J.: 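The structure that follows is given in the form of structure tokens.
Small disclaimer: the values here were computed from a predicted structure and weren't measured. A note on names: the letters A, B, ... follow the listed sequences, proteins ahead of strands, and every chain is numbered from 1.
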Amino acid sequence: MVLCIFAANSKTMTQKRVRVRFAPSPTGPLHMGGMRTALFNYLFARKNGGDFILRIEDTDQTRYVHQAEDYIVESLKWCGLIPDEGPGFGGPCAPYRQSERKEIYADYARQLVKSGWAYYSFDTPEELDRLRSEAESAGALFSYDQHTRMKLCNSLSLSREEVNRRIGAGEPYAIRFKMPENVDVTNEDLIRGSVTFNTRELDDKVLFKSDGMPTYHLANVVDDHLMAITHVIRGEEWLPSLPLHVLLYRAFGWEDTMPEFSHLPLILKPHGKGKLSKRDGDQMGFPVFPLAWKDPETGEISRGYREDGYFPEAFINLLALLGWNPGTEQEILSLEELTAQFSLDRVVKSGSRFDPEKARWFNRQYLQQKPAQELARLLVPLLYEKNIDTTLARVVDVCEEIKVRCDFISDFWEQGHYFFTAPSTYDEKAVAKRWKPETPEELTAIACLFESVETWEAPVVKVLFSDFMNEKGWNFGNVMNTLRICLVGGNQGPDLFRICEILGKQETVARIKSALLKIPNP
RNA sequence: GGUCGGUUCAUCUAAGGGUUAGGAUUCAAGAUUUUCAUUCUUGCCAUAGGGGUUCGAAUCCCCUACCGACUGCCA
């Protein structure tokens with residue numbers, strides 16, 4: 001096992017190099033809250049010229065999902081959060097999967113037993129489950145702690161001989177932390193300030209499981225130490241285990257190089273109680289995962305921001321502003337700007353409700369910034385799926401005209417389908433409002449006028465049309481609107497003459513004639 | 001239940017003892033667009049409650065209420 005070089009010289013360095021890690025568990029798709037944690041770690045590392053490390057916390061064999069690690073890496077890549085070190089990325093502290101570091105942890109766990117900070121526990125999970133449910137039915141809660149440990153089956157309550165006998169016989173055991181009885185543990189959280197816990201209320205957490213794997217608590221402390229992590233930035237759900245982690249650093253004698261902690265606020269449901277869950281997304285029609293995910297067990301598909309048409313820049317931006325702000329009124333920030341402006345002391349303490357409407361707004365901002373050429377390139381595959389035969393130049397023209405009314409690439413079809421297919425039906429309300437007895441005569445004359453136009457460009461058509469209308473003394477509004485109905489099928493869309501231009505002379509005239517045949521006179 | 005954390009417009013948030021409590025989203029109204037959308041303007045809307053400290057509190061302290069996280073040989 002190669003020890004990380006940073007651990008060796010971290011104490012001698014006056015200014016430690018900033019090293020942070022994103023440490024997800026591969027149990028399924030990454031939640032957007034997890035992505036935000038990754039983002040804040042990334043921003044902090046970049047801002048401080050440090051390293052952003054990906055570490056896979058796969059110590060729970062029962063919950064391991066094989067595709068999840070790839071999903072995590074792909075999500076990070078999609079967002080542009082490329083780890084400096086991690087599985088598949090290399091680095092001096094490899095391996096970065098805890099399952100591949102398995103041999104490391106047992107020694108550390110035994111070291112704590114030797115020094116009296118931990119003990120062997122022979123109680124089976126079934127036995128503990130029984131105690132828990134018994135306590136529950138008595139209206140109490142069972143806790144494996146300083147009050148109960150001597151009544152249970154462990155190396156504290158059993159004789160030395162009995163313990164040796166059991167271990168010698170190969171009886172399975174776990175190693176538990178021996179929580180001190182009455183100690184105040186205080187830590188300066190970079191986001192929350194001073195936080196204090198008394199060990200009286202804390203239980204004896206399992207550090208090393210009977211299956212030979214460490215628990216999160218042991219593994220994360222050992223690895224953060226070996227990987228010379230300087231700052232732990234993680235979700236608020238970890239706050240209750242902070243005293244245990246601090247005490248572990250103390251027990252190992254690593255307190256002087258212990259990382260600084262920051263606990264991020266939760267992302268909450270748009271409405272109602274609790275933290276944001278997959279269910280909320282399903283119910284309200286928005287993704288909670290960066291990428292779509294197909295559950296390997298059930299085959300159930302969860303939508304993703306990427307597949308729903310969000311731009312990664314927009315996703316990053318909206319995530320960054322959930323619980324953080326730059327202190328200015330700027331809301332649209334690129335990853336570079338976020339990096340330059342990020343700081344932990346501007347992270348808010350309270351949980352943020354996720355607002356899907358604002359998420360849409362963010363995407364809109366990025367879409368509006370993009371040139372028509374780029375939007376057209378993204379739209380072409382969608383048109384291809386619909387068997388639309390067209391040219392890129394035409395798609396660019398369409399994008400130019402209708403992007404202002406779109407929030408997502410997928411909106412372009414709804415907003416501009418008539419550029420590619422002639423209307424087959426006509427909006428009844430619009431027809432009822434605009435279609436007058438004189439309409440057929442007027443439109444016939446307009447079609448005739450159009451056929452004679454030589455230079456088919458919007459400004460030219462507009463002038464000829466206007467002159468003609470003035471000459472005839474017809475009602476501008478009504479003729480323009482009926483003309484729009486013929487071309488578009490309803491009363492929406494951009495400038496009428498731009499539509500004419502993009503459609504082309506033949507098609508414009510053809511649509512007028514077709515509508516005159518299909519729409520009955522009032 | 002216990003421990004810890006949190007509480008400014010409906011939502012995201014600014015204001016780190018002194019501002020008419022600011023911005024953004026949503027919503028509403030008006031203007032422009034001979035349509036629709038956009039855009040612009042305007043409007044609505046907040047310091048959880050109660051006590052202190054102070055000349056002065058959203059900001060500091062205490063209590064209450066409410067919300068949340070955690071309370072597994074899960075992470």
J.: Between A:K205 and A:D203, is there a side-chain N and carboxylate O pair less than 4.0 Å apart?
T.: yes
J.: With a cut-off of less than 4.0 Å, is there a side-chain N or O of A:K349 near OP1 or OP2 of B:G5?
T.: no
J.: So which nucleotide from B:A14, B:C4, B:A75 ends up closest to the side chain of A:R63?
T.: B:A75
J.: Give a yes/no verdict on a cation-pi contact between A:R364 and A:F362, requiring under 6.0 Å between NZ or CZ and the six-membered ring centre and an angle within 45° of the axis.
T.: no
J.: From C-beta outward on A:E237, which listed nucleotide comes closest to its side chain: B:A69, B:C74, B:U38?
T.: B:A69
J.: Reckon A:R360 has a side-chain N or O less than 4.0 Å from the OP1 or OP2 of B:U25?
T.: no
J.: Has A:S352 got a side-chain N or O lying under 4.0 Å from the OP1 or OP2 atom of B:U11?
T.: no
J.: Assess the side chains of A:D427 and A:N491: does a donor N or O sit below 3.5 Å from an acceptor N or O?
T.: no
J.: If we only count heavy atoms from C-beta on, is the A:C399 to A:L379 side-chain gap below 4.5 Å?
T.: yes
J.: Taking atom P in both B:U59 and B:U42, what distance in whole Å separates the two?
T.: 31 Å
J.: Kindly say if A:R132 contacts the phosphate of B:C73, meaning a side-chain N or O under 4.0 Å from OP1 or OP2.
T.: yes
J.: Which nucleotide in the set B:A75, B:C70, B:C73 lies at the smallest distance from any side-chain heavy atom of A:P125?
T.: B:C73
J.: Can you find an N or O donor on one side and an acceptor on the other, under 3.5 Å apart, linking the side chain of A:R405 with the base of B:U38?
T.: no
